[in-house]
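Structure first, then comments.
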Amino acid sequence: MSDLSKEQVNNDVLEDEGRRKFFGTTAVASLAGAGLVMGLSACKQSEDGVAGKAAGHLEGSSKFEVQPGKLDSYYSFSSAGHNGEMRIYGIPSGRTLKRIPVFNVDPMVGWGITNESKAIMGTNADGSLKYMTGDTHHVHGSYTDGTYNGKYLWTNDKLNNRLARIRMDRMECDAITDIPNVQGFHGIFPDKRDPVDANVNFTTRVFCGSEFASPKPNDGRDTSDPTKWFSLFTCVDAESMEVRWQVRINGNNDLVATSYDGKLAASNQYNTENGAVLADMMSVERDACVFFNIERIEAAIKAGKSFTIGNTKVPVVDGTIDANKDPKTALVCYVPVPKNPHGVNISPDGKYFVCSGKLSPTATVIETELVHKWFAGELKTERDAVVAEPEIGLGPLHTGFDGKGNAFTTLFLDSQIVKWNVDKAIAQFKGDKSAQPVLDRIDVHYQPGHGYTSMGETKEADGKFYNSGNKFSKDRFLPVGPLHVETEQLIDISGEKMQLIHDHTAYPEPHDAIIVRADLVKTKQVSDMNDYPNAVKSMSDNRIERKGKKVMVYMTSQAPNFGLSEIKVKHGDDVTITLTNHDKVEDLTHGFGIENYNVNFIVNPQETHSVSFKANKAGVFWIYCTHFCHALHLEMRMRFIVEA
Ligand code: RUQ
Ligand code: CUA
Ligand code: CA
């Protein structure tokens, strides 16, 4: 540990005995144990004259109370980490509205249990799920002309390297795509413009970064030679969800952001060293923010300047540094930023990308226009695209914007959110000594990872709310055993000073989220029976068909009845049950569970779902409605009889 960082640790402890001791030392010590603190330089908070407020004050919070019967004004769509799902919260209340199963199995709705959901998730030849788990970190919505159009959400699976799409009208996953030849698929960002714009000659895409280099193809070759491993940046078609192309890069991709003009995608890199072990990944002072010139990449692919990997058909272009020395033809621009940066976010006016230092107490501001100039050959070095690098605090990670020129960055080590002004940072970088970019700090509890503002990733950023997604909750809630709940803290950013509104809980372990104005989201509250090709459309269609050992059961539900009173099969039969809910009333969902058969799913009004399983136990097994639907809900049951 360097002397500076020791001093910082001591300061942390002295400044505010109780609280800072609690997290400050543990966090810095754990990083120090990993040798990480070496890269940190001290950031004296007194220098900018802005001290963190002791939080816990709830001034102004009642102003944001969502009273009984009133609705939230925003949706927050959140990832769920290694729980594998996506979640919806109401903002400002922080109430959980829905958990959308995506890469995980969820008996609440039968995700991973019904044939329809298994088809989306992907199955092996024997019908079992290919994967039952995932790790979602990033959620982004589809755009038209720089703001959300309410059509789709996407999220990544870092664990099994898949991109999932959620239909926003139903808030259900409708497609999952495997990203080939990558590992550690992390950041995603869609285009911010829509192909319906006649001036734009592309279809909407989703850009995907991957962190971990791996052998190509990863079939057992080169396992002991990491110099041959590399990472890929991937483009997926937003509509077809097919993988369109990939770019071979030096180093890794972490988070992803896109420009507002549809021309650039950016990704921060913490491992330009291509290190396979920790010490190597921290060996250089500067890593990079890499910019992908989408137009040139697509032109190169059109011109056939691509290769493929193994049996994969996806065209791959070469975006390595050596192959992109001439800016005028380069596909990729590597802008150096200090050190192991994390997070890349673009300001709502589209002018600046901000990359946080993580191991440097700085945020780096890169001007979009100057990146374009580099590609035009009009800039001396890549680093000349950097227009500011303010010192903002320790462990900066993610940045949100208020649309009024201010940035809000999470400081993991300082357990603070810092508000800083982009123009002032630029003036300071130019040499104006009077410019003080840091405007305010607020303590959060504890160690924030992600932070995001209301509409902050759109040109309609409204500067109302900031949500701090904290990584440690420690003492903020009733203890519930060793696995702690996470804290999310909502902050009012409408005034000069940030004000804590409230803490709300999040089941582990969300990462990034977006906050979307409620009027942009139009859901369908009742399904259309015609959207289900296997619907059992008439009550008189309730029947059981047999073909050899295959038994097909077609059934309806209407409160408080199932369309059949029993299903009789033989031991060893392959049974498929298709159930259509004929209830039309909003909220009238039925469940379908078979005792001791591990079958459990729901049908919302007018929906059809099916399950297939082997009747591998003889006997009488009650089928009952699992979802409360009617005064006679308990009576809504039937028999599954398996003859020996
Ligand atoms: S990345 S802190 Cu996906 Cu920051 Cu989570
Ligand atoms: Cu149908 Cu409960
Ligand atoms: Ca590094």
Side-chain angles (χ1 to χ4, degrees), residues 36 38-39 78-82 135-140 155-159 184-189 208-211 250-257 267-275 277-288 336-345 355-360 395-399 409-412 447-452 468-472 486 509-513 556-563 579 581-583 585 587-593 602-605 623-638:
L36 268 165
M38 281 149 55
S78 173
S79 63
H82 51 98
D135 184 16
T136 62
H137 284 213
H138 295 269
V139 172
H140 290 292
T155 190
N156 72 304
D157 171 13
K158 183 168 170 176
L159 187 69
F185 162 36
H186 188 186
I188 58 168
F189 221 107
C208 309
S210 69
E211 277 179 63
N250 289 110
N252 69 328
N253 293 139
D254 188 14
L255 286 313
V256 176
S267 180
N268 68 290
Q269 301 193 300
Y270 59 80
N271 187 18
T272 46
E273 301 91 337
N274 263 335
V277 297
L278 190 62
D280 292 344
M281 296 185 207
M282 302 186 306
S283 60
V284 300
E285 279 311 310
R286 275 184 187 158
D287 288 287
V337 300
K339 166 173 192 177
N340 287 39
H342 188 66
V344 56
N345 299 87
C355 224
S356 301
K358 191 167 78 187
L359 298 189
S360 155
L397 294 182
H398 294 272
T399 300
T409 303
T410 52
L411 300 175
F412 182 82
Q447 264 119 8
H450 291 270
Y452 34 92
S468 173
N470 306 321
K471 293 296 182 197
F472 296 85
E486 309 292 350
E509 105 101 347
H511 286 246
D512 206 14
T556 60
S557 64
Q558 191 166 49
N561 287 300
F562 287 120
L579 177 64
N581 183 0
H582 279 243
D583 277 306
V585 183
D587 208 0
L588 220 167
T589 295
H590 296 291
F592 186 93
I602 58 163
V603 275
N604 297 305
I623 293 173
Y624 69 99
C625 177
T626 51
H627 204 95
F628 209 102
C629 56
H630 191 273
L632 294 173
H633 158 74
L634 291 177
E635 286 82 352
M636 187 168 175
R637 53 190 169 110
M638 58 185 282

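As the structure lists them, so they are numbered: ligands from 1, and atoms in each ligand from 1. Given the structure is predicted, the values throughout are model-derived calculations rather than measurements.
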Can you find a side-chain donor-acceptor pair between His82 and Asp135 that sits under 3.5 Å?
no
N/O/S atom of His630 under 2.8 Å from atom 2 (Cu) of ligand 2, yes or no?
no
Determine, step by step, whether Asp512 and Val139 satisfy the side chain to side chain contact (heavy atoms under 4.5 Å, CB included) criterion, reporting the C-alpha distance in whole Å, the side-chain angles of both residues, the deciding distance to 0.1 Å, and the verdict.
CA-CA 6 Å; Asp512 206 14; Val139 172; over 6 Å; no
Looking only at N, O or S atoms, find the one in His627 nearest to atom 2 (Cu) of ligand 2 and name it.
O
Interfacing atoms of ligand 1 (cut-off 4.0 Å, heavy-atom, His398):
1 (S), 2 (S), 4 (Cu)
Near the Ca ion (ligand 3), is there an N/O/S atom from Tyr270 that is less than 3.0 Å away?
yes
Please state whether the separation between atom 3 (Cu) of ligand 1 and some N/O/S atom of His138 is under 2.8 Å?
yes
Atom 2 (Cu) of ligand 2 -> His633, closest N, O or S atom is ND1
Proximity flag Lys158 to ligand 1, non-hydrogen atoms under 4.0 Å:
no
Of all the atoms in Met282, is at least one N, O or S atom closer to the Ca ion (ligand 3) than 3.0 Å?
no
Strictly under 3.0 Å, is any N, O or S atom of Gln269 next to the Ca ion (ligand 3)?
no
Check whether any N, O or S atom of His186 sits under 2.8 Å from atom 3 (Cu) of ligand 1.
yes
